[in-house]
**Student:** 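Quick one: this structure, given as structure tokens, is what I'll be asking you about.
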Amino acid sequence: MIPNNASIVRKAYEDFAKGDIPAVLEAFDPSITWHVPGRSPISGDYNGRDEIVGFFKHTMELCGGIFAIALHHVLAEENLVVALVTVKAERNGRSAAFPEVHVWRIANGKITEFREFQGDEQTEDRFWS
């Protein structure tokens, strides 16, 4: 049975929550593009699985591994999946929770693009900087 696009994205969030990064990467097309807006140390464009692993590692280093994503809703249509989430992290003794919209593009059963839209980009920039 071929999973639908919403289930591919849901499973990637579940695998990330379990810390199973190899399973997360398996959902990604090798040429995936990843975009994080803003001007923080983790903002930027990442291309391919290796650069995304570097992004994950850098994010975890900045927050001492205290990081989680609460998935609230998944909306899917054809090759596009939108996830409404709250990103939770701790950094330098401060806790934060950020509402975000994650947009995923999928082709041939693999995630080809990720784009993050932050509810308050300036606050997230300050938190990660």
Side-chain angles (χ1 to χ4, degrees):
M1 181 175 177
I2 298 172
N4 67 32
N5 292 340
S7 66
I8 291 169
V9 170
R10 281 184 188 279
K11 184 175 181 322
Y13 282 108
E14 291 168 8
D15 291 336
F16 185 85
K18 292 186 283 191
D20 189 350
I21 301 306
V24 174
L25 296 175
E26 184 57 35
F28 295 169
D29 185 85
S31 64
I32 184 174
T33 60
W34 190 277
H35 177 75
V36 178
R39 291 182 162 74
S40 80
I42 60 172
S43 298
D45 293 316
Y46 303 89
N47 298 295
R49 294 173 178 165
D50 290 342
E51 286 187 14
I52 294 168
V53 167
F55 163 77
F56 289 165
K57 286 180 179 177
H58 190 207
T59 300
M60 291 302 180
E61 288 167 1
L62 290 173
C63 67
I66 301 172
F67 183 92
I69 300 173
L71 178 63
H72 305 297
H73 298 285
V74 174
L75 312 163
E77 185 174 304
E78 296 183 20
N79 294 329
L80 185 71
V81 177
V82 176
L84 306 179
V85 306
T86 300
V87 172
K88 299 175 183 180
E90 199 171 293
R91 184 151 193 260
N92 299 327
R94 296 182 331 211
S95 294
F98 303 112
E100 294 184 353
V101 175
H102 294 171
V103 178
W104 305 86
R105 291 200 182 274
I106 300 175
N108 302 315
K110 294 291 184 183
I111 298 169
T112 60
E113 180 183 3
F114 168 85
R115 214 166 241 300
E116 177 180 302
F117 296 90
Q118 301 167 344
D120 185 343
E121 187 176 303
Q122 292 176 345
T123 299
E124 285 202 45
D125 280 350
R126 281 192 301 273
F127 178 81
W128 292 111
S129 297

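Being a predicted model, the structure only gives us computed values, none of them experimental.
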**Student:** Are Y13 and V53 in one and the same hydrophobic cluster, where Ile, Leu, Val, Met, Phe, Trp and Tyr link if side-chain heavy atoms are under 4.5 Å apart?
**Tutor:**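 In one cluster with Y13: V53, yes.
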**Student:** Only distances under 3.5 Å count here; give the side-chain donor-acceptor pairs of residues 74-81 to other protein atoms, sequence neighbours excluded, each with its distance to 0.1 Å.
**Tutor:**
none

**Student:** If hydrophobic clusters are built from ILVMFWY residues whose side chains come within less than 4.5 Å, do V103 and I69 share one?
**Tutor:**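 Different hydrophobic clusters.
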**Student:** To the nearest 0.5 Å, how far apart are CD1 in I42 and CE in M60?
**Tutor:**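 If I round to the nearest 0.5 Å, the distance is 10.0 Å.
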**Student:** Quick one: are the ring centres of W128 and F98 less than 6.0 Å apart?
**Tutor:**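 Between W128 and F98, the centre distance exceeds or equals 6.0 Å.
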**Student:** Return the NZ to CG distance between K57 and L62, rounded to the nearest 0.5 Å.
**Tutor:**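 So the gap between those two atoms works out to 14.5 Å.
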**Student:** Show me, pair by pair, the donor-acceptor contacts under 3.5 angstrom made by side chains of residues 20-27, not counting sequence neighbours?
**Tutor:**
unit_1: D20; atom_1: OD1; unit_2: A23; atom_2: N; d: 3.2
unit_1: E26; atom_1: OE2; unit_2: K110; atom_2: NZ; d: 3.0

**Student:** For side chain to side chain contact (heavy atoms under 4.5 Å, CB included), just list the numbers for F56 and Y46, CA-CA rounded to whole Å, side-chain angles, deciding distance to a tenth of an Å, and then say yes or no.
**Tutor:** CA-CA 11 Å; F56 289 165; Y46 303 89; over 6 Å; no
**Student:** Taking all heavy atoms of P41 and all of H58, pick out the closest pair and write down the distance.
**Tutor:**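 Minimum heavy-atom contact is O-CE1, 3.3 Å.
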**Student:** May I ask you to test the E113-D29 pair for a side-chain heavy-atom distance under 4.5 Å?
**Tutor:**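 No, every pair of side-chain atoms sits at 4.5 Å or beyond.
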**Student:** Crowded around D50 CG? As in, over 12 foreign heavy atoms under 6.0 Å?
**Tutor:**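 Counting neighbours around CG of D50, 12 or fewer heavy atoms of other residues, nucleotides or ligands fall under 6.0 Å, so no.
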**Student:** For I32, is there any backbone N or O sitting under 3.5 Å from a side-chain donor or acceptor partner on T112?
**Tutor:**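 Pair absent, no side-chain N/O of T112 close to backbone of I32.
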**Student:** What is the ring orientation for W34 with F55, classed by angle as parallel under 30°, tilted 30 to 60°, or perpendicular over 60°?
**Tutor:**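 Tilted, since the angle between the ring planes falls between 30° and 60°.
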**Student:** Could you check whether atom CG of N108 has more than 12 heavy atoms from other residues, nucleotides or ligands sitting under 6.0 Å from it?
**Tutor:**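 Incorrect, the count does not exceed 12.
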**Student:** Is it true that S129 and R126 share a donor-acceptor pair across their side chains at a distance under 3.5 Å?
**Tutor:**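 No, S129 and R126 have no side-chain donor paired with an acceptor closer than 3.5 Å.
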**Student:** In terms of hydrophobic clustering (I, L, V, M, F, W, Y; side-chain heavy atoms under 4.5 Å; direct or indirect links), are L71 and L84 co-clustered?
**Tutor:**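 As far as the 4.5 Å side-chain criterion goes, L84 and L71 are not connected within one cluster.
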**Student:** Answer yes or no: is there a side-chain heavy-atom contact under 4.5 Å between S40 and E124?
**Tutor:**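 Not touching, per the 4.5 Å side-chain cut-off.
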**Student:** For the hydrophobic clusters of this structure (ILVMFWY residues joined by side-chain heavy atoms under 4.5 Å, transitively), does one cluster hold both F114 and F28?
**Tutor:**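 Result: yes, single cluster for both.
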**Student:** Given side chains that start at C-beta, do those of E90 and C63 come closer than 4.5 Å, heavy atoms only?
**Tutor:**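 E90 vs C63: side chains apart.
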**Student:** Starting at OG1 of T59, measure out to CD1 of I52 and round the result to the nearest 0.5 Å.
**Tutor:**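 If I round to the nearest 0.5 Å, the distance is 11.5 Å.
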**Student:** Using side-chain contact (heavy atoms from CB on, under 4.5 Å) as the criterion, point out the one residue from V82, V85, V9 that pairs with H102.
**Tutor:**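 One option only clears the test, and that one is V85.
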**Student:** Which value, rounded to the nearest 0.5 Å, describes the distance between R105 atom CZ and R115 atom CZ?
**Tutor:**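 Reported value, rounded in 0.5 Å steps: 9.0 Å.
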**Student:** Spell out, yes or no, whether W104 and F117 are grouped together once hydrophobic residues are joined by side-chain heavy atoms under 4.5 Å, including indirect joins.
**Tutor:**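 Cluster IDs for W104 and F117 differ.
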**Student:** Heavy-atom count check: over 12 atoms from other residues, nucleotides or ligands less than 6.0 Å from H72 NE2?
**Tutor:**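 Buried by this count: over 12 neighbours within 6.0 Å.
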